[in-house]
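To keep things clear, I will list the structure first and then write my remarks on it.
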2 protein chains.
Amino acid sequence: MSNSGIGNSIRRNAPVPMAQCGAACALEILSDRWTMLIIREAFYGVMRYEDMRDDIGIPRSVLTQRLKRLTEAEVLERMPYREEGERTRYGYRLTSRGQSLGLTLLALMQWGDEELRDGSSAIALHDKETGARLRVGLVREGTSEIPLSSARITPQN
Amino acid sequence: MSNSGIGNSIRRNAPVPMAQCGAACALEILSDRWTMLIIREAFYGVMRYEDMRDDIGIPRSVLTQRLKRLTEAEVLERMPYREEGERTRYGYRLTSRGQSLGLTLLALMQWGDEELRDGSSAIALHDKETGARLRVGLVREGTSEIPLSSARITPQN
């Protein structure tokens with residue numbers, strides 16, 4: 001990625017002000033590591049408060065506050081569920097806005113695997129129909145893009 | 001994106017433990033909103049401490065600490081520069097590890113633009129050679145992927 005029209009001089013300001021930047025807006029919601037880890041849980045289908053807590057070791061007060069914020073931002077939604085012989089409880093799942101964060105989460109995983117874990121990945125990503133292996137990359141708009149809903153994520157063990 | 005072999009039951013744990021998860025490892029470094037905003041600055045070629053501070057409104061102590069951490073993690077590197085008539089100073093620029101975070105940053109921008117800014121984007125992403133408009137998406141491994149270095153990012157105004 002390179003900038004256009006900058007030449008070799010030192011750039012003094014980002015060409016896009018914070019208020020108009022999609023990334024800066026996104027980061028208002030995805031404000032810390034815990035928030036992305038909660039989204040990771042939701043992607044894997046973990047929906048209960050206690051299960052999230054066990055998985056990521058997040059303090060209660062932080063988890064409560066982040067879930068509230070993600071729900072207000074319409075990234076997560078509360079959802080009733082009932083296990084056999086138990087009363088109805090509430091858990092959290094991704095909204096469609098939350099689901100579309102999948103690409104960012106996968107890009108982050110890919111970077112972590114490639115740059116910090118010597119290329120070893122704990123998951124594999126495949127096209128559900130063709131079985132082809134997938135990755136996150138740049139694509140020409142309107143062509144060759146595979147929707148997230150066509151991808152299957154499988155733990156590799 | 002969906003999980004395999006989970007059925008309709010409630011998932012109690014993420015299938016990938018934190019220690020083996022590329023995203024969790026990545027988030028050890030990219031631990032907060034400020035960190036990603038600093039990386040955004042570096043992408044746009046802003047390399048000076050004071051310029052970053054002006055752009056993103058980050059407190060000095062936080063900026064100093066985050067720059068140190070990003071340098072230790074080999075995402076940024078210190079680099080001497082000299083402007084006409086001035087002494088040599090040091091700024092920061094992305095290492096190759098840092099540059100490969102471009103995909104994550106672009107995925108985040110795309111999500112922010114599409115989900116939080118009604119689809120309006122302050123930047124356009126084009127293939128340097130063909131001029132084709134690009135976006136971040138899922139691609140079949142080994143095919144149709146366009147390297148980040150082939151992309152040109154242009155502010156739209």
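Owing to the predicted nature of the structure, the values given are computational and were not obtained by experimental measurement. Within every chain, numbering begins at 1; the chains are lettered A, B, ... in the order of the sequence lines, protein sequences first and strands thereafter.
Contacts between A:Arg12 and chain B at a heavy-atom distance below 4.5 Å involve backbone atoms as well as side-chain atoms. Heavy atoms of B:Ile56 lying under 4.5 Å from chain A belong to its backbone as well as its side chain. Proximity to chain B involves both the backbone and the side chain of A:Arg97, based on heavy atoms less than 4.5 angstrom apart. Within the 4.5 angstrom heavy-atom criterion, no atom of B:Thr35 approaches chain A. Contact annotation for A:Asn13: both backbone and side-chain heavy atoms come within less than 4.5 Å of a heavy atom of chain B. If you measure heavy-atom distances from A:Ala132 to chain B, the contacts under 4.5 Å come from the side chain alone. With a 4.5 angstrom heavy-atom cutoff, B:Arg40 touches chain A only via side-chain atoms. Both the backbone and the side chain of B:Arg135 come within contact range of chain A, judged by heavy atoms closer than 4.5 Å.
For the atom pair A:Leu63 CG and A:Trp34 CH2, the distance stands at 9.5 Å (nearest 0.5 Å). In this structure, CE in B:Met79 is found 12.0 Å from CG in B:Leu94, a value given to the nearest 0.5 Å. Distance check: A:Leu76 CG to A:Arg93 CZ gives 11.0 Å after rounding to the nearest 0.5 Å. Atoms CZ and CG, on B:Arg140 and A:Leu134 in that order, are 7.0 Å from each other to the nearest 0.5 Å.
The greatest number of non-hydrogen atom pairs below 4.5 Å with chain A, out of B:Arg33, B:Glu41, B:Glu114, B:Met47, is found for B:Arg33. The choice from A:Glu50, A:Gln110, A:Glu83 that makes the most heavy-atom pairs within less than 4.5 Å of chain B is A:Glu83. In terms of heavy-atom pairs under 4.5 angstrom with chain B, the leader among A:Met109, A:His126, A:Glu28 is A:Met109. In terms of heavy-atom pairs under 4.5 angstrom with chain B, the leader among A:Ser96, A:Cys25, A:Gly137 is A:Gly137. Chosen from A:Ala107, A:Gly57, A:Pro147, the residue pairing most often with chain B at heavy-atom distances under 4.5 Å is A:Ala107. Of the residues considered (A:Ser121, A:Gly91, A:Ser31), A:Ser31 shows the highest number of contacts with chain B, using heavy-atom pairs under 4.5 Å. Comparing A:Gly22, A:Cys21, A:Gly112 by heavy-atom pairs within less than 4.5 Å of chain B, the highest count is held by A:Gly22. Most heavy-atom pairs under 4.5 Å with chain A, from the set B:Asp113, B:Asp32, B:Val46: that is B:Val46.
Checking side-chain atoms of B:Arg82 against main-chain N and O of B:Glu86 turns up a donor-acceptor pair under 3.5 Å. Remark: side-chain polar atoms of B:Arg48 are not paired, donor with acceptor, to backbone N or O of B:Asp51 under 3.5 angstrom.
With respect to the salt-bridge test (charged N to carboxylate O, under 4.0 angstrom), the residues A:Arg152 and A:Asp127 do not qualify.
For the residue pair B:Phe43 and B:Leu105, the shortest heavy atom distance occurs at CD1-CD2, 3.3 Å. When all heavy atoms of A:Ala151 and A:Lys128 are compared, the closest pair comes out as O-CE, 3.7 Å.
Counted by atom type alone, A:Ser100 and B:Glu115 present one or more donor-acceptor pairs between their side chains at under 3.5 Å.
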